[in-house]
Visitor: 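Below: one structure in structure tokens.
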Amino acid sequence: MTKWRITIGWLYPDLMNVYGDRGNLIALVQRCKWREIEVKVNYLNPGFTKAELEDCNLLLMGGAQDRQQTIVNEDLKKYKKILSEMIEKEVPGLYVCGGFQFLGNYYKEADGSEIPGLGIFDLHTANPGTKFKRLIGNLAFETEIFSHQPSAISHKQTIVGFENHGGRTYLGAGVEPFGKVLKGFGNNGEDGFEGAVYKNSFGTYSHGPILPKNPSFADYLIEKALGKKYKGLTLSDLDDSLENMARSSIAKRLGVEI
Amino acid sequence: MNYQILLGKLVSGLIKLTNLGSGSTWPGHIAVNLDSSFNKKLLAKNKIKTIVVAGTNGKTTTSKLIKTILEEDGKKVLQNEAGANLQNGLSSTLVKGANLNGGLNYDFLIFEADENSLPIVLEEFIPDYIILLNLFRDQLDRYGEIDTIARKWKAAIEKLPSTTVLILNADDPSIAFIGKDKKTNTFYFGLDEKGSQKIKHGADTIYCPNCSEKLSFKNIQFSHLGDWNCPNCGFKRPATDISSLPSYPLAGEYNKYNSLASFLLAKKLKINQEAVKKAFKTFEPAFGRQEKIKYKGKNVQIFLSKNPTSFNESLSTVLELGAKNILILFNDRVPDGLDVSWIWDINFEEILGKRKLNIAVSGDRVYDMALRLKYAEIFTHVIEQPETALNEMVRNLEDNETLFILPNYSAMLDIRKVLTGRKIL
């Protein structure tokens with residue numbers, strides 16, 4: 001049996017790791033390791049080569065402080081074409097908070113100025129400024145976008161996490177929402193949507209970090225990444241009882257059903 | 001003003017009598033509501049010297065070190081109570097300390113200010129001394145980004161007159177940046193010890209606060225503290241007025257900084273050396289910060305661990321002390337911060353490695369912490385109730401062993417109640 005290999009690209013780990021989002025990488029790496037899948041991680045800090053990016057089967061991007069965000073945005077512009085192509089070719093990815101925003105069309109500051117995004121996700125974000133409250137708190141949303149078994153009938157999954165953002169994101173026609181908000185604010189506190197999905201790329205405001213407590217989603221991303229290389233693959237089950245305890249424990253407190 | 005003091009004292013007494021719990025800030029709340037310039041007036045009327053201590057980690061220990069030194073030197077010290085570090089906390093402290101004529105019969109006031117309250121407190125009065133210890137990520141849902149805090153602090157500090165003495169941590173780029181344009185009365189402590197060459201995950205300020213380029217480090221003590229410089233704009237670690245001591249009153253790298261800060265302040269206050277030495281020798285840890293408690297005849301020691309840097313350092317320190325039994329208590333209540341993502345920024349894998357330790361986890365978010373450790377491939381006992389976890393861990397403890405408890409804030413308060421049979425707040 002061939003040993004499966006996966007290369008995970010973590011975009012800007014030094015700059016965009018302020019929020020425990022490293023846990024998403026840890027979850028992916030371990031869940032692969034525990035299935036004896038060989039994992040390579042490309043730490044894509046400013047100045048990375050195009051080859052290092054293209055090498056990746058799965059991409060991850062986290063959140064950052066404003067100043068770091070600005071540095072990243074400047075650097076990421078250089079890779080816009082390659083990243084767009086990869087996303088179009090259905091390379092799976094998880095883009096949390098800042099990454100999610102920057103993959104959109106533009107980000108509008110409180111003073112009205114617009115910072116162009118990469119234009120890969122059809123969405124835009126507006127920050128009303130510090131006079132408005134930030135959207136902070138435990139978050140739960142319902143999604144039908146994926147299910148653990150590729151052949152299974154789509155079913156609803158509840159995702160739990162934590163959001164903390166000033167920007168309000170509004171989806172365009174070219175993306176699907178990731179889910180419907182059950183508890184918390186979601187993209188903007190108005191339309192009830194959380195995140196965005198385009199091909200196999202997921203944008204979300206959910207920290208938590210999102211993957212450890214939502215192992216089905218982690219496995220979905222791994223499956224999508226490996227599925228491009230190895231036809232007909234299915235992942236073996238792992239014992240997710242602790243993950244489920246953690247998820248249901250906070251869901252219960254939020255009054256949300258798992 | 002005097003009747004506000006009287007009213008405040010009555011309220012305070014009533015709260016104590018009826019055992020309603022934390023009456024820390026009610027007296028002050030009332031006083032300030034009756035007269036918004038209460039704090040300013042009371043301080044202006046008295047010759048008390050004021051010291052403000054701020055920073056993410058180490059405020060309580062540093063404040064206690066300073067208090068111990070001053071009291072050893074025969075000085076009378078007033079200090080704000082645990083957690084009471086907002087405007088109400090200041091006025092409550094003053095109400096409690098004042099006599100009915102508005103007199104404060106103390107030589108010094110030590111005020112611990114948290115990240116958000118420092119700028120507010122600096123509008124209330126001009127302190128004689130300010131100590132800025134460090135800035136680390138902590139409760140991002142409450143405090144926001146470090147850069148934002150640093151900017152607010154810098155703006156507040158710039159407004160102070162040159163008579164205020166600043167005692168700053170040279171090893172923290174954000175703190176050094178706050179003192180950058182100050183010409184007088186600005187002093188620095190740092191640590192000159194061989195550390196490591198590599199920045200580890202969780203370090204916050206690795207980009208220059210002056211020009212945003214990546215910083216270069218010649219030596220790193222822990223997190224982003226060390227000998228740093230910017231290859232782009234030339235901003236670098238300021239020369240220190242003190243960078244080592246012959247001995248330290250507490251274990252742990254992080255406590256060296258707290259000790260250096262207090263020592264430097266004592267020097268500026270011209271406290272005699274004998275008093276400082278004696279204070280260091282006899283120093284009793286502040287509650288929850290390396291505090292030793294005997295429980296059911298067994299040894300227990302508490303290391304408050306409330307953010308990634310604090311947790312990393314607690315973990316490293318207890319291992320240095322030979323820890324074999326560790327109890328992690330993890331809550332997400334208001335004083336702890338509601339967002340638990342930060343536990344993934346703790347370097348469990350690197351610090352614990354493949355050691356075989358007896359570890360239990362408990363608290364409101366026990367499963368999140370257990371999950372974190374599962375992914376670090378560290379086996380733990382998962383016990384929902386902290387008191388049950390404590391009793392189980394202590395039951396099989398040898399007489400010469402210590403159970404090290406690493407709680408975050410509210411969990412620390414709760415476990416202390418069990419360990420001492422007393423309320424603290």
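Small disclaimer: the values here were computed from a predicted structure and weren't measured. Letters A, B, ... mirror the listed sequences (proteins, then strands); counts begin at 1.
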Visitor: Highest number of heavy-atom pairs under 4.5 Å with chain B: which of A/Lys33, A/Met245, A/Glu163?
Guide: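 Heavy-atom pair counts peak at A/Met245.
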Visitor: Measure distances from A/Ile250 to the heavy atoms of chain B and classify the residue's part below 4.5 Å as side chain, backbone, both or neither.
Guide: side chain
Visitor: Apply side chain to side chain contact (heavy atoms under 4.5 Å, CB included) to the pair B/Glu377 and A/Trp34, showing each step before the final yes or no.
Guide: CA-CA 11 Å; B/Glu377 296 188 9; A/Trp34 292 333; 3.2 Å; yes
Visitor: Under 4.5 Å from any heavy atom of chain B, what part of A/Ile71 do you find: side chain, backbone, both or neither?
Guide: side chain
Visitor: Around A/Glu52, counting heavy atoms of other residues, nucleotides and ligands shown, do more than 12 lie under 6.0 Å from its CD?
Guide: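 Above 12, so yes.
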Visitor: I'd like to know whether CD of A/Glu36 has more than 12 heavy-atom contacts from other residues, nucleotides or ligands below 6.0 angstrom.
Guide: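 Check fails, neighbour count at 12 or below.
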Visitor: Return the option, out of B/Ile146, B/Ile206, B/Ile343, B/Val382, with the maximum number of heavy-atom pairs under 4.5 Å with chain A.
Guide: B/Ile146
Visitor: What part of A/Asp14 gets within 4.5 angstrom of chain B, counting heavy atoms only: side chain, backbone, both, or neither?
Guide: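 Its backbone and side chain both get close to chain B.
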Visitor: Out of curiosity, B/Asp339 CG to A/Tyr19 OH, how far, rounded to the nearest 0.5 Å?
Guide: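 One gets 4.0 Å once the value is rounded to the nearest 0.5 Å.
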Visitor: Please determine whether side chain to side chain donor-acceptor pair (under 3.5 Å) holds for the pair A/Arg31 and B/Tyr375, giving the CA-CA distance in whole Å, both sets of side-chain angles, and the decisive distance to 0.1 Å.
Guide: CA-CA 9 Å; A/Arg31 294 183 79 80; B/Tyr375 277 84; 2.9 Å; yes
Visitor: Is the count of non-hydrogen atoms from other residues, nucleotides or ligands lying under 6.0 Å from A/Glu109 atom CD greater than 12?
Guide: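 Yes, because the 6.0 Å sphere around CD of A/Glu109 holds more than 12 heavy atoms from other groups.
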Visitor: Just wondering, do B/Lys374 and A/Glu243 contact through their side chains at under 4.5 Å, heavy atoms?
Guide: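 They are in contact (side-chain heavy atoms under 4.5 Å apart), so the answer is yes.
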Visitor: Any salt bridge between B/Asp368 and A/Arg247, counting N to O under 4.0 Å?
Guide: no
Visitor: Do you know which of A/Ala27, A/Ala246, A/Pro209, A/Gly23 has the most heavy-atom pairs with chain B at a distance under 4.5 angstrom?
Guide: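 The option with the most such pairs is A/Pro209.
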Visitor: Kindly indicate, with the supporting measurements, whether the criterion ring-ring contact (aromatic ring centres under 6.0 Å, His included) is fulfilled by B/Trp342 and A/Phe162.
Guide: CA-CA 11 Å; B/Trp342 65 271; A/Phe162 194 94; over 10 Å; no
Visitor: Is the number of heavy atoms from other residues, nucleotides or ligands within 6.0 Å of NZ (B/Lys236) greater than 12?
Guide: no
Visitor: To the nearest 0.5 Å, tell me how far A/Asn138 CG sits from B/Asp332 CG.
Guide: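 Nearest 0.5 Å value for the CG-CG distance: 7.0 Å.
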Visitor: A/Asn244 versus chain B, heavy atoms under 4.5 Å apart: side chain, backbone, both or neither?
Guide: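 For A/Asn244, no heavy atom lies under 4.5 Å from chain B.
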Visitor: Do you know which two heavy atoms are closest between A/Gly208 and B/Ser341, and how far apart they sit?
Guide: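 Result for this residue pair: N-OG, 3.1 Å.
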Visitor: For each of A/Asn164, A/Thr70, A/Ile26, tally heavy-atom pairs with chain B at distances under 4.5 Å, and name the one with the top tally.
Guide: A/Ile26
